[in-house]
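Have a look at the structure below before the remarks.
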Amino acid sequence: MPLSFYRRSAAEVAPDLLGRFLVRRLDRTRLVARIVETEAYLGAGDRASHAWQGRRTPRNESLYRAGGRAYVYFIYGMYYCLNAVTGDETNGEAVLIRAAEPIEGVAAMAGHRHLDRRPRPGDLAGGPGKLCQALRIDKGLDGQVLTARPLCLTRGEPVDPSQIAVGRRIGIDYAAEAVNWQLRFALAGNRHVSKPFPWKSSL
DNA sequence: CGGAAGATCCACT
DNA sequence: GTGGATCTTCCGA
């Protein structure tokens with residue numbers, strides 16, 4: 001996807017990322033996964049955002065770059081989460097990539113996940129931490145552009161708006177008024193999403 | 001299935 | 001010192 005794709009608000013980009021392909025190039029392998037779940041984080045005015053009230057630290061520096069780069073952060077002592085930075089360098093907005101459906105390089109992804117049985121839906125990339133583990137995404141990719149290797153997003157299979165379900169974001173119960181914002185998006189009924197949920201409505 | 005607890009780092013109070 | 005944009009394992013229903 002071109003840089004212009006990312007230079008919009010996270011709330012617009014998040015649903016538009018569904019169906020796109022994440023292409024991760026390693027030395028001898030190409031891993032491809034189709035995005036099925038995202039969440040928008042709206043920056044300074046969003047209590048759930050790492051950029052809440054304009055917070056700016058070494059960790060979240062990538063949020064303050066122009067849209068089209070990765071923001072990768074380390075969480076809970078063990079996992080990484082991947083975001084696509086959106087908008088311009090002033091707003092701190094980003095889209096969390098929460099889940100994807102493995103398309104190519106499934107065996108390699110299973111290896112990265114230390115999975116020895118045949119993967120069931122959601123096993124490899126059904127959650128932001130799993131997705132990063134399967135695709136070998138870590139701090140080394142923080143700040144990288146998303147328009148070229150080693151990690152890029154391609155057009156994939158554009159999705160009809162009627163297939164998009166909307167709900168509340170996960171794991172942000174502390175976020176006061178923002179807990180009910182409808183900023184979680186997924187392909188309705190898809191089996192690779194991070195949790196079964198009571199989706200509210202569709203777009 | 002649903003809930004609880006542990007693993008374990010870093011930014012911020 | 002606290003707690004988090006998580007995941008896994010273990011437990012009980």
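Each chain gets a letter, A, B and so on, in the order the sequences are listed, and its residues count up from 1.
Counting to the nearest Å, the P atom of B/dC9 and the OH atom of A/Tyr73 are 17 Å from each other. Taking atom CD on A/Glu61 and atom C1' on B/dA11, their separation rounds to 14 Å, with Å as the unit. A straight line from OH of A/Tyr71 to C1' of B/dA11 spans 10 Å, rounded to a whole angstrom.
A/Asn60 comes within contact range of no nucleotide atom at all, as no heavy-atom separation falls under 4.0 Å. Among the protein residues, A/Phe74 comes within range of the sugar-phosphate backbone only, with heavy atoms under 4.0 Å from sugar or phosphate atoms but none that close to a base. Residue A/Arg55 is in sugar-phosphate contact alone, with no base atom involved, counting any heavy-atom pair closer than 4.0 Å across all strands shown.
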Discussion item. With salt bridge (charged side-chain N to carboxylate O under 4.0 Å, His left out) as the criterion, how do A/Arg69 and A/Asp142 come out once you've worked through the C-alpha distance, each side chain's angles and the decisive distance to 0.1 Å?
Written reply: CA-CA 8 Å; A/Arg69 291 180 182 268; A/Asp142 184 42; over 6 Å; no
Discussion item. Run the salt bridge (charged side-chain N to carboxylate O under 4.0 Å, His left out) test on A/Glu101 and A/Arg34 for me, step by step, so that the C-alpha distance in whole Å, both residues' side-chain angles and the decisive distance to 0.1 Å come before the verdict.
Written reply: CA-CA 5 Å; A/Glu101 174 178 348; A/Arg34 175 177 174 247; 3.0 Å; yes
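Evaluation of the side-chain contact (heavy atoms from CB on, under 4.5 Å) rule for A/Val85 yields A/Tyr71 as partners, not counting sequence neighbours.
A donor and an acceptor atom, one from each side chain of A/Arg98 and A/Ser194, are located under 3.5 Å apart.
The structure places CZ of A/Arg149 at 9.5 Å from CZ of A/Arg30, a figure rounded to the nearest 0.5 Å.
For DNA chain C, the outermost nucleotides in 5' to 3' order that have an atom under 4.0 Å from a heavy atom of chain A are C/dG4 to C/dT8.
Between A/Gln133 and A/Ile172, the residue anchored nearer the 5' end of DNA chain C, judged by the nucleotide with its closest heavy atom, is A/Ile172. Mapping A/Tyr79 and A/Lys139 onto DNA chain B via the closest heavy atom, the residue that lands nearer the 5' end is A/Tyr79.
Between A/His50 and A/Tyr41, a ring centre-to-centre spacing not shorter than 6.0 Å is recorded.
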Worksheet item: When Watson-Crick pairs (N1 to N3 and N6-O4 or O6-N4) and G-U wobble pairs (N1-O2 and O6-N3) count only below 3.5 Å on both distances, what is the dot-bracket string of DNA chain C, with | for other-strand pairs?
Response: ||||.|||||||.
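A/Arg169 and A/Asp46 are joined by a salt bridge, as a carboxylate oxygen and a charged side-chain nitrogen come within less than 4.0 angstrom of each other.
The cationic group of A/Arg8 lies under 6.0 Å from the six-membered ring centre of A/Phe5 and within 45° of the ring axis, placing it in a cation-pi geometry.
In terms of heavy atoms, A/Cys152 sits closest to A/Thr147 at CB-C, 3.9 Å.
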